Peer 1: 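After the structure tokens below, expect a handful of questions from me.
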Amino acid sequence: MAKKSEKATALQPPYNFNNKWEELLENQEFIKVFLSDVLEDYIIKQRWYGGKASKLKYIELAEYFRLQQHDEVYYGLILEVNFVEAFYQHYFLPIAFVSDEDFAKDDRILPISIQNQEGFIIDAINLEAFRKVVFERILTAVPNDKTRVRYQKSELFKDCIYESSRFMGMEQSNTSIIYNDKYVLKFFRRIYADRNPDYEMSRFLSEKKEYKNTPAYFGSIQIKDSDNTNITIALMQEMVENQGDAWDYMLKELHQVFSNLDYKNIDISGLPKTEDFGRLEIKDVPPEIIDWAGLNLFVKVQTLAKRTAEMHIALGSEFEDTAFTPAHFNGDYEVWLKNRLLYQFQNRLNTIENSLHKLDGLALDLANEFLDKKNSIRKQFVNFDWTKLKGERIRVHGDYHLGQVLVKDDDFYILDFEGEPESTIRDRKVKQPPLKDIAGLFRSFHYAIYATIFNNLDLYKHSQEELFEAGEVLYQYLKSAFLGTYVLKVQEANLNIGYHQERIFLLKYSLLEKAVYELGYELNSRPRWAVIPLKGISNIINN
């Protein structure tokens, strides 16, 4: 392993190496140059780099391997980025050498001369020839590949040839390529020493359970590292033609709903309320609410509830693969959960104490309530007794929100099963109550309501406080309409999500967990929005 302990002083630009490209990674002088400030400067500017909040100390080359076809050779690098704060992260970077002066001007990593041919090392994903090699290697993958770089494909991926490839767009943590306008290959940038949950979940749902409302699995690339651990580098799936994600869809719907307050002269204080965590069919929703919010919104919420239930039924119906077999609650799970949440709670407590100066109005009032009731909130997290829970735990989505759902005509498709960004790879694979996903989606409903108010306040005649009041009423009906369909569907399929009071306990617990999790991001990134998770926390601790 090449460790960067000092600046590379032996060589100065322009860098010239006499090795062939196919042997360049064996040259320690090249490694020293490559891991110097040149790569550091490049990596910190990339959208997929997740260490921007920390101070980079140095980069090591943890692993490298060839991605090749015939005489075309590219390198895949696993970079270990070490931080001053005494932790590290791993990233995947494929590299290529190009000599064309006009190519990849914005994505050059290092100007270099190889056997007197001048050019640049670039991120290989920018190179169509590399993207074609990857496509064809997956397409021609053989069963039970035992080589170090393992290409896999499903039975669905056949009878095609490479036609075209292009970047999907403005992603953050990964880089996705669209092939032939039919397939999407996601390169995972942040790498973990295990199979990626997105690969495991997507393949399980698509291949083993034939769940139709997620992109079909077509293939993947895994590597075996020096510790003989499987690492997922890329995932290939069906490209689902869509009209955007459910977050944007919900914002448009909710804008119309809030516009109706003025258009229909709705008396907000007179809107009928409903019980928290109730279960409603559409026919049970009061006509005043349907008149205000419209029937279509509730029909769509029911459809999303049905697709979510079908996903959980598929995930809870496995009895052979131990990674997916349902499990009961036990003491180990309780200890894991409490340790994790108490650590996270203390972190958020410190953050809010240091951020009060950023808040005003309702957000400041709610923040002070949070601090005043910190012992009560902590007690709610501690108040988890597994012996009282009769439901089952299954593999869940783990980061389920409206942005992870695509809208296609009048239906929904669920994607991105990587899990919560802050969680370790092990934590993302822990079996959880399915209601953990439902809580994530409900928090997303809550966010969409408040985001609509914030984004369009000047367009509405009512005050922000009145709009918040109306939004909370609507939020209760959306939750109840969702639960009315979801609970019925999972119970019909004999998925055990617990008895009535258990479900309410798990939903409240998970909603509190999710809102506390969100609080850290909002206080650090956009304090104006901290009122949303603070209001979510207030709803739970006061009801």
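For reference, positions follow the sequence shown, starting with 1. Atoms considered below: every heavy atom in the structure, side chains included; atoms not considered: hydrogens, waters and symmetry mates. This is a predicted model, so every value here is computed, not measured.
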Peer 1: Taking ring-ring contact (aromatic ring centres under 6.0 Å, His included) as the criterion, tell me which of Phe218, Phe157, Tyr151, Phe130 meets it with Phe135.
Peer 2: Phe157
Peer 1: Check this for me: does any side-chain nitrogen of one of Lys212 and Glu310 sit under 4.0 Å from a carboxylate oxygen of the other?
Peer 2: no
Peer 1: Quick one: CG on Asn213 to CZ on Arg307, what's the gap to the nearest 0.5 Å?
Peer 2: 4.5 Å
Peer 1: Does Tyr42 offer a backbone N or O that forms a donor-acceptor pair with the side chain of Tyr49 under 3.5 Å?
Peer 2: no
Peer 1: Determine, stepwise, if the pair Thr147 / Asp145 fulfils side-chain hydrogen bond (donor to acceptor under 3.5 Å, both in side chains).
Peer 2: CA-CA 6 Å; Thr147 57; Asp145 186 356; 2.7 Å; yes
Peer 1: Do side-chain atoms of Arg148 reach the backbone of Lys224 as a donor and acceptor pair under 3.5 angstrom?
Peer 2: yes
Peer 1: Within the side chain of His397, is there an N or O that forms a donor-acceptor pair under 3.5 Å with the backbone of Leu415?
Peer 2: yes
Peer 1: For Asp437 and Gly398, work out which heavy atoms get closest and say how close.
Peer 2: OD1-N, 3.0 Å
Peer 1: Measure up the Trp336 and Tyr333 rings against each other and bin them: parallel (under 30°), tilted (30 to 60°), perpendicular (over 60°).
Peer 2: tilted
Peer 1: Please identify each residue that fulfils side chain to side chain contact (heavy atoms under 4.5 Å, CB included) with Gln69, with sequence neighbours left out.
Peer 2: Val133, Glu136, Arg137
Peer 1: With a 6.0 Å cut-off (strictly less than), is the heavy-atom count around NZ of Lys252, excluding the residue itself, greater than 12?
Peer 2: no
Peer 1: How long is the gap from CD on Gln404 to CG on Asp416, to the nearest 0.5 Å?
Peer 2: 4.5 Å
Peer 1: Look at the side chain of Ser444 and the backbone N and O of His401, then say whether any donor-acceptor pair between them is shorter than 3.5 Å.
Peer 2: no
Peer 1: Is a side-chain donor or acceptor of Ser525 paired with a backbone partner of Tyr521 at a separation under 3.5 angstrom?
Peer 2: yes
Peer 1: Locate the shortest heavy-atom distance separating Lys153 from Ala141; write the atom from each residue and the value.
Peer 2: CE-O, 3.8 Å
Peer 1: Could you walk me through whether Tyr192 and Glu418 pass side-chain hydrogen bond (donor to acceptor under 3.5 Å, both in side chains), step by step?
Peer 2: CA-CA 11 Å; Tyr192 303 92; Glu418 280 196 80; over 6 Å; no
Peer 1: Using the ring centroid of each side chain, check whether Tyr450 and His446 are separated by less than 6.0 Å.
Peer 2: yes
Peer 1: Determine the minimum heavy-atom distance between Ile394 and Gly316, stating which atoms define it.
Peer 2: CG2-CA, 3.7 Å
Peer 1: Give a yes or no answer on whether the side chain of Ser355 reaches the backbone of Lys358 with a donor-acceptor pair at less than 3.5 Å.
Peer 2: no
Peer 1: Where the side chain of Arg428 meets the backbone of Ser423, is there a donor-acceptor pair that is under 3.5 Å apart?
Peer 2: yes
Peer 1: Passes side-chain hydrogen bond (donor to acceptor under 3.5 Å, both in side chains), Tyr58 versus Glu40? Steps please.
Peer 2: CA-CA 8 Å; Tyr58 60 84; Glu40 291 180 11; over 6 Å; no
Peer 1: Just wondering, are more than 12 heavy atoms of other shown residues or ligands nearer than 6.0 Å to OH in Tyr343?
Peer 2: no
Peer 1: Once you round to the nearest 0.5 Å, how far does CD of Glu128 lie from CD1 of Ile177?
Peer 2: 10.5 Å
Peer 1: Among side-chain atoms of Gln46 and Asp123, is any donor-acceptor pair under 3.5 angstrom?
Peer 2: no
Peer 1: Just wondering, are more than 12 heavy atoms of other shown residues or ligands nearer than 6.0 Å to NZ in Lys158?
Peer 2: no
Peer 1: How are the rings of Tyr75 and Tyr64 set relative to one another: parallel (under 30°), tilted (30 to 60°) or perpendicular (over 60°)?
Peer 2: perpendicular
Peer 1: Is there a donor-acceptor contact under 3.5 Å linking the side chains of Arg203 and Gln152?
Peer 2: yes
Peer 1: Is the closest basic N to carboxylate O distance between Glu200 and Lys429 below 4.0 Å?
Peer 2: yes
Peer 1: Tell me whether the guanidinium CZ or amine NZ of Arg108 lies under 6.0 angstrom from the six-membered ring centre of Phe120 and within 45° of its axis.
Peer 2: yes
Peer 1: Between the side chain of Asn82 and the main-chain N/O of Lys57, is any donor-acceptor distance below 3.5 Å?
Peer 2: no
Peer 1: Relative to the ring of Trp529, is the ring of Phe454 parallel (under 30°), tilted (30 to 60°) or perpendicular (over 60°)?
Peer 2: tilted
Peer 1: Is NZ or CZ of Arg395 both nearer than 6.0 Å to the six-membered ring centre of Phe204 and within 45° of the ring axis?
Peer 2: no
Peer 1: Is the distance from the ring center of Phe92 to that of Phe188 below 6.0 Å?
Peer 2: no
Peer 1: Going by salt bridge (charged side-chain N to carboxylate O under 4.0 Å, His left out), Arg348 matches just one of Glu513, Glu518, Glu522, Glu422. Which one?
Peer 2: Glu422
Peer 1: To the nearest 0.5 Å, what is the distance between CZ on Arg66 and CG on Leu25?
Peer 2: 9.0 Å
Peer 1: Is atom CD of Gln243 surrounded by more than 12 heavy atoms (other residues, nucleotides or ligands) closer than 6.0 Å?
Peer 2: yes
Peer 1: Shortest non-hydrogen contact from Ile414 to Thr214?
Peer 2: O-OG1, 2.6 Å
Peer 1: So Phe381 and Tyr509, would you call those rings parallel, tilted or perpendicular, with 30° and 60° as cut-offs?
Peer 2: perpendicular
Peer 1: Is it true that a side-chain atom of Arg443 and a backbone atom of Lys514 form a donor plus acceptor pair closer than 3.5 Å?
Peer 2: no
Peer 1: Please report the closest heavy-atom contact between Thr232 and Asn196, naming both atoms and the distance.
Peer 2: OG1-N, 2.8 Å
Peer 1: Quick one: does Asp227's side chain have a donor or acceptor within less than 3.5 Å of a partner on Asp225's backbone?
Peer 2: no
Peer 1: Kindly compute the distance separating CD1 (Ile532) from CD1 (Ile449), expressed to the nearest 0.5 Å.
Peer 2: 10.0 Å
Peer 1: Taking atom CG as the centre, does Asp41 end up with more than 12 heavy-atom neighbours from other residues, nucleotides or ligands that are less than 6.0 angstrom away?
Peer 2: yes
Peer 1: Heavy-atom count check: over 12 atoms from other residues, nucleotides or ligands less than 6.0 Å from Lys408 NZ?
Peer 2: yes
